[in-house]
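It should be emphasised that the depicted structure is a prediction, and the values quoted were computed from it without experimental measurement. Chain letters run A, B, ... following the sequence lines, proteins first, then strands; residues in each count from 1.
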Amino acid sequence: MKKEDTVKLISAEGFEFVIHKDAAMVSQTIRNMLTSPGGFAETEHGEVTFPEISTTILEKICKYFYWNLQFASGKQTEFHIEPELVLELMMAANYLHT
Amino acid sequence: MSGQKKRNFQIEAFKHRVVVDPKYAEKTWKILEHAIHEIYNHNASGLSFEELYRNAYNMVLHKFGEKLYSGLVTTMTHHLKEISKSIEAAQGELFLEELNRKWAEHNKALQMIRDILMYMDRTFIPSTHKTPVHELGLNLWRDVVIHASKTRSRLLDTLLELVHRERSGEVINRGLMRNIIKMLMDLGSTVYQDDFEKHFLDVSADFYRCESQEFIESCDCGNYLKKAERRLTEEMERVSHYLDARSEAKITNVVEKEMIESHINRLVHMESSGLVNMFVDDKYDDLGRMYSLFRRVQNGLVIVRDVMTAYIRDTGKQLITDPERLRDPVDFVQRLLDLKDKYDKVISLAFNNDKTFQNALNSSFEYFINLNARSPEFISLFVDDKLRKGLRGVSEEDVEVVLDKVMMLFRYLQEKDVFEKYYKQHLAKRLLSGKTVSDDAERSLIVKLKTECGYQFTSKLEGMFTDMKTSQDTMHGFYSTVGPLLGDSPMLTVQVLTTGSWPTQPSATCNLPAEILWVCEKFKSYYLGTHTGRRLSWQTNMGTADLKATFGKGQKHELNVSTYQMCVLMLFNNTDRLTYKEIEQATEIPAIDLKRCLQSLACVKGKNVLRKEPMSKDIAEEDAFFFNDKFTSKFIKVKIGTVVAQRESEPENLETRQRVEEDRKPQIEAAIVRIMKSRRVLDHNNIVAEVTKQLQGRFLPNPVVIKKRIESLIEREFLERDKTDRKLYSPLLFSNMAFKAGNEILEETKQIF
């Protein structure tokens, strides 16, 4: 993975997830962060901190990003969500415009 | 979380976090306001997108959307006012550049602001029906910057000034121009139209009105068109370079209207360079230009077409009524063909093969060709000339080309039956004298006529070919059975012609020399022996003969002469001097033919086998003729005045006319009866119309003649008038209606020695 193809997502607890930009851009919000003109900090450093998203949720989100890419390319599998994560995950989804 | 799942749930806003800080909203807005300032000041690199987004997100969630939105409007308006000031301050040339630069900056800033306020754009704005951020940014730019009182008019003036400078040949910064125009279009099509396009079109109209006035005073038509064309392409280029594509139709319309439409009549009729002169001088480029330009204008082509039609009709009429031209039919038809070729070329090269122009051309030809009643005769003469000699040694394809052209002229003829009459006569002469260049060409033309006019039209012509063939067989039979009995009497070739198929000429027989008469009798008895119930009569006026003659110093010549001439010359076997009267008595050749024949024997230089007293060009009844002992010629074979198709003299012409009229009567009657049979009852005007329709493939019947035919049919009780309405006719006596076609087959013969 080349550095410029990836993005680092940092959770509230400081865990870092390095994923492909393509995957991250499943989120419209992250897409805007990475592509907005004028050079915001995130665009320049290639990392985004989410102080309001916990590690567990962020991990699930990253998994979802990759699942979504596969789903879009025709691989129809199920995405399993633990019931206890549902509420928080939904709030995050609203925030990330996913 | 996926799109589908989300649709089923309505995400309720985050409720569990309660805002304690009453100044929360104010504080958060401050952060965002600062960020917007920074963005406008190109200082955004230090900002965290996530933080700003989160703040805006939270504000909306906590029902401070309204505050966020109004704050945005105020802040942005503030910045735009400053920008507007700096643009107004820009001097001269820099104005547009400054405007362009600021616009680019504003766009970029707007993009960033929209991105961080995305959540508001997504949820708050649709639910409160406010203007989305991007559109808001554009609207504010329009209202604050572009519509600032000074900038608005200055912008328009600058743009128009630049366009004007480009039109006068200067080079301007098209990139800048394009960006500014693009800005106006981005602000909405109404902004582009109201703030630029409308004025642009007005100014252009003024500009081209003046310019075209100036050009038309100073240029000839060709040059004017060149200039107009260049202006038109320039405007189209301008549109493609920096204007809205939708403006193209509008601006070209302006140019067309000012440069072409307003001057169209003057251009077409321009003295010494207008349309007619272009035709005369074969200026295909100019004509093509005129066509493509005038096509853009309503009625433009109609004017061109009308002028062309009028001009062709005029030249055609001059040509066709010029007595000078009528003297030589071949040249006359060639001129017609040349004229047609010329305009065909114009239409294909310059007028894009426009169907309407072709139709106009055809109708013009149809108009003037039929002005001269002798056109059918001349066209037939032209064919005759071509098939006799004109096409000798020409390749088959070229023959076809010539024949096709002839057919084209034929199509224009209204009196196709007159053509048929002449064609038949000429074909007969060609066939009988064996002068036709190629049988294939003859047949090909007949096939063409057949496809054009149907079987009926050519059946007699085809019959003539069949007769020629049968006659050959008959002659074979004659010589193989009777041949030995004939000894060394003259060779006889007879062509047996079917009456009806061949143009019947009043058979003026003459007294044949005894030797020949004897052979003829032999043939007659042979023929009647094999074919019973037929009648033979000799057509001496159409034959030819080869004579062997010995002159004074013993020089021998073979003379190729007509049958009449042969009869005359044979008289000189016994005597040296004969008067006109004596010849007439001995041969009984009709006076006109005899004079003609003597003239060709005695008065043509190099072919004067007879000598006349007194020497003069015309034959008088008192003249005396001598055998010309001193006759010499370079050639052994001498051809003397053969039967050449010539244009008819006036009385002959009248006679043919009469015959044609006579032939038309049964055709018209047949048509009337056909129509009445199918329609049962019809009034007079409708009959005339129907008859004309049925017969127009052959000729144009005269209504008066039709009326006479109807009357004659009533007299003969084929039709009757309606008892109540005198204008209505109805048919009677169907069983009696078979028309006699005069089909008794009479065999008429004609000899060739």
With side chains defined as the heavy atoms from C-beta onward, is the minimum distance between B:F200 and B:V163 less than 4.5 Å?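 In short, these two side chains touch, coming nearer than 4.5 Å.
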Under 4.5 Å, counting heavy-atom pairs only, tell me which of A:T29, A:V26, A:V48, A:L87 racks up the most with chain B.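 When all of A:T29, A:V26, A:V48, A:L87 are compared, A:T29 has the most.
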Is it the side chain or the backbone of A:T49 that comes within 4.5 Å of chain B heavy atoms, both, or neither?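 The answer is the backbone of A:T49.
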Once the angle between the rings of A:H20 and A:Y66 is folded into 0 to 90°, is it parallel (under 30°), tilted (30 to 60°) or perpendicular (over 60°)?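 Rings of A:H20 and A:Y66: perpendicular, over 60°.
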Under 3.5 Å, is there a donor on one side chain and an acceptor on the other for B:H147 and B:D195?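 The answer is yes; a qualifying pair exists.
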Under a 3.5 Å threshold, yes or no: a donor from one side chain and an acceptor from the other, between A:S54 and A:E13?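 Note: A:S54 and A:E13 side chains miss the donor-acceptor criterion.
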What part of B:R54 is in contact with chain A, defined as an atom under 4.5 angstrom from a non-hydrogen atom: side chain, backbone, both or neither?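 When you check distances to chain A, atoms from both the backbone and side chain of B:R54 fall under 4.5 Å.
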